[in-house]
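Note that these values count all heavy atoms, side chains included, but never hydrogens, waters or copies made by symmetry. Throughout, protein chains are lettered first and strands after them, A, B, ... in sequence-line order, and every chain is numbered starting at 1.
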2 protein chains.
Amino acid sequence: MTDTDPSQIKGFNRARERAARALLEDYVEMIADLTAEFGEARITEIAARLGVAHPTATKAVARLKREGLAVSRPYRGVFLTETGEALADQVRERHRTVVALLRAVGVPEEVAEIDAEGIEHHVSSRTLEAFEAFLASKAGK
Amino acid sequence: MTDTDPSQIKGFNRARERAARALLEDYVEMIADLTAEFGEARITEIAARLGVAHPTATKAVARLKREGLAVSRPYRGVFLTETGEALADQVRERHRTVVALLRAVGVPEEVAEIDAEGIEHHVSSRTLEAFEAFLASKAGK
DNA sequence: CGAATCTTGTAGCCAAGGCTACATTTCGCA
DNA sequence: TGCGAAATGTAGCCTTGGCTACAAGATTCG
Ligand SMILES: [Mn+2]
Ligand SMILES: [Mn+2]
Ligand SMILES: [Mn+2]
Ligand SMILES: [Mn+2]
């Protein structure tokens, strides 16, 4: 049997790690959006916008709190910690870049938004840099 | 409260659906690769290449069988059904296109391979078409 | 001010996808 | 040929992320 290619394993492992973080990232981004819009993020609103039942959102927020990304008290809104805010900023920026890249290579706007919601979580910092450079060079075409 | 944007919900729902299919797609592709190389795909080899413990691979293969994508008998190799083969072809082609697109916008080869392993599962057919068109136009530059 | 309504919490179910430990079958080779 | 090693199966545990049903707190309004 041929030797197993370690870089391929790396790809699968990375993909699994990133998939596990994807949900956290979307919640953090959503909480940031709602806080900007309403001054706080309510569980019901988070759940509605993510398209899940409210206990699902409650559980996810519990995980965010456990990981130090958010805080909340019973029957009150959810807020991001500084760590959470930093993550939200990063995630939002990456989201924008991914959508822009997709648009730049000819993906229709609506499709780009939908696909980016999944793709974004698998874009590494190296790839993000490449996207930014590509967009910059195209801007100054 | 402002009305919840339904297209955003659509994005999150699609991302979740695609994430759920990602594993199946990687297993099917791997089984196709191993079958091409050795004439059959053994559980141990599948597990080794995906970087998981063998019972994890066994469970995943059970799911493939349940969904009509593969067949196998105890202590023997795993084989794809026609449906499984068709999926494998499609997945492999998409993988290649995603890597090529990443390379084309300046992502280093090794990084492209790793990131593509996750990104590929979130690329819709519309986006794939756009990627192909972009690559074709660039080829005939 | 109190009752209805809205929001949030909690309990408990399920499937998927990881794992380790151990049992069983197959296979290769002395 | 038979025995030890390798491969595979099975049991059982954990976490995540869905869900419904129901309990309880908070708000709104007549
Ligand atoms: Mn997302
Ligand atoms: Mn996003
Ligand atoms: Mn993949
Ligand atoms: Mn792939």
Side-chain angles (χ1 to χ4, degrees), chain A residues 1-4 9 12-31 34 38-67 69-79 117-118 121, chain B residues 1 3-4 9-10 12-31 34 38-67 69-79 117-118 121:
Chain A
M1 162 187 348
T2 29
D3 238 351
T4 301
I9 295 183
F12 290 121
N13 285 332
R14 285 280 173 85
R16 277 193 293 266
E17 285 165 23
R18 293 187 192 284
R21 294 218 57 193
L23 255 287
L24 285 195
E25 294 179 350
D26 284 337
Y27 272 91
V28 161
E29 190 182 359
M30 181 59 72
I31 291 168
L34 291 172
F38 302 118
E40 66 176 349
R42 308 299 308 220
I43 284 284
T44 303
E45 189 66 16
I46 296 170
R49 294 216 188 179
L50 289 173
V52 297
H54 86 264
T56 301
T58 302
K59 260 204 237 182
V61 167
R63 194 175 153 210
L64 293 186
K65 293 169 75 170
R66 203 186 328 138
E67 304 202 2
L69 296 170
V71 291
S72 76
R73 293 184 346 235
Y75 296 97
R76 289 281 172 279
V78 181
F79 302 89
E117 205 50 75
H121 308 285
Chain B
M1 165 191 342
D3 239 351
T4 301
I9 296 184
K10 198 164 157 191
F12 289 122
N13 285 331
R14 283 282 173 83
R16 277 192 295 265
E17 285 166 23
R18 293 188 191 285
R21 294 217 58 192
L23 255 288
L24 286 195
E25 292 179 350
D26 284 337
Y27 272 90
V28 162
E29 190 182 0
M30 180 60 71
I31 291 168
L34 291 171
F38 301 118
E40 65 176 349
R42 308 299 308 220
I43 283 284
T44 302
E45 189 66 17
I46 296 170
R49 296 216 186 178
L50 290 173
V52 297
H54 86 263
T56 301
T58 301
K59 260 205 236 182
V61 167
R63 194 177 154 209
L64 292 186
K65 292 169 75 171
R66 203 182 332 136
E67 305 204 1
L69 297 169
V71 291
S72 78
R73 291 183 348 231
Y75 296 97
R76 290 276 123 72
V78 181
F79 301 89
E117 205 50 74
H121 308 285

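At whole-Å resolution of the value, CZ in B:Arg73 and C1' in D:dG9 are 15 Å apart. To the nearest angstrom, P of D:dA6 lies 15 Å from CD of B:Glu45. The nearest whole Å value for the distance from the CD atom in A:Glu40 to the C1' atom in C:dT7 is 12 Å. Following rounding to the nearest Å, A:Tyr27 (OH) and D:dT16 (P) show an atom-to-atom distance of 13 Å. Rounded to a whole Å, the NZ atom of A:Lys59 is 10 Å from the C1' atom of C:dA11. Rounded to an integer number of Å, the gap from A:His121 NE2 to D:dT16 P is 18 Å. The CZ-P distance, from A:Arg63 to D:dT15, rounds to 12 Å in whole Å. Rounded to whole angstrom, the span from the CD1 atom of A:Ile43 across to the C1' atom of D:dA24 amounts to 16 Å.
The shortest non-hydrogen separation linking B:Val52 to B:Ala57 is CG2-N, 4.3 Å. Contact detail for B:Ala41 and B:Ile31: the closest heavy-atom pair is CB-CG2, 3.9 Å.
Among the heavy atoms of the strands, none lies under 4.0 Å from A:Ala60.
Residue B:Arg76 places its side chain closer to C:dT26 than to any other of C:dT10, C:dA16, C:dT26. Of all nucleotides listed (C:dG9, D:dG18, C:dT20), C:dT20 comes nearest to the side chain of B:Ala53. Minimum atom distance to the side chain of B:Val52 is reached by C:dC19, of the listed C:dC19, D:dG18, C:dT8.
Phosphate contact (OP1/OP2 of D:dC19, side-chain N/O of A:Thr56, threshold under 4.0 Å): present. Phosphate proximity of C:dT8 to A:Arg42: present, with a side-chain N or O under 4.0 Å from OP1 or OP2. Close to C:dA16, at under 4.0 Å from its OP1 or OP2, lies no side-chain N or O of A:Arg16.
Taken from CG in B:Asp26 to CZ in B:Arg21, the straight-line distance is 11.5 Å, to the nearest 0.5 Å.
Taking for each of B:Arg66 and B:Pro55 the nucleotide of DNA chain C with the nearest heavy atom, the 5'-most of the two is the partner of B:Arg66. Residues B:His54 and A:Ser72 each lie close to DNA chain C; by heavy-atom proximity, the contact nearer the 5' end of the strand is made by A:Ser72. Checking A:Pro74 against A:Gly51, the closest nucleotide of DNA chain D that is more toward the 5' end is the one next to A:Gly51.
Judged by distance alone, with hydrogens and angles left aside, the side-chain atoms of B:Arg42 form a donor-acceptor pair with the main-chain N or O of B:Tyr75 at under 3.5 Å.
Salt bridge present: B:Arg49 and B:Glu45 bring a charged side-chain N and a carboxylate O closer than 4.0 Å.
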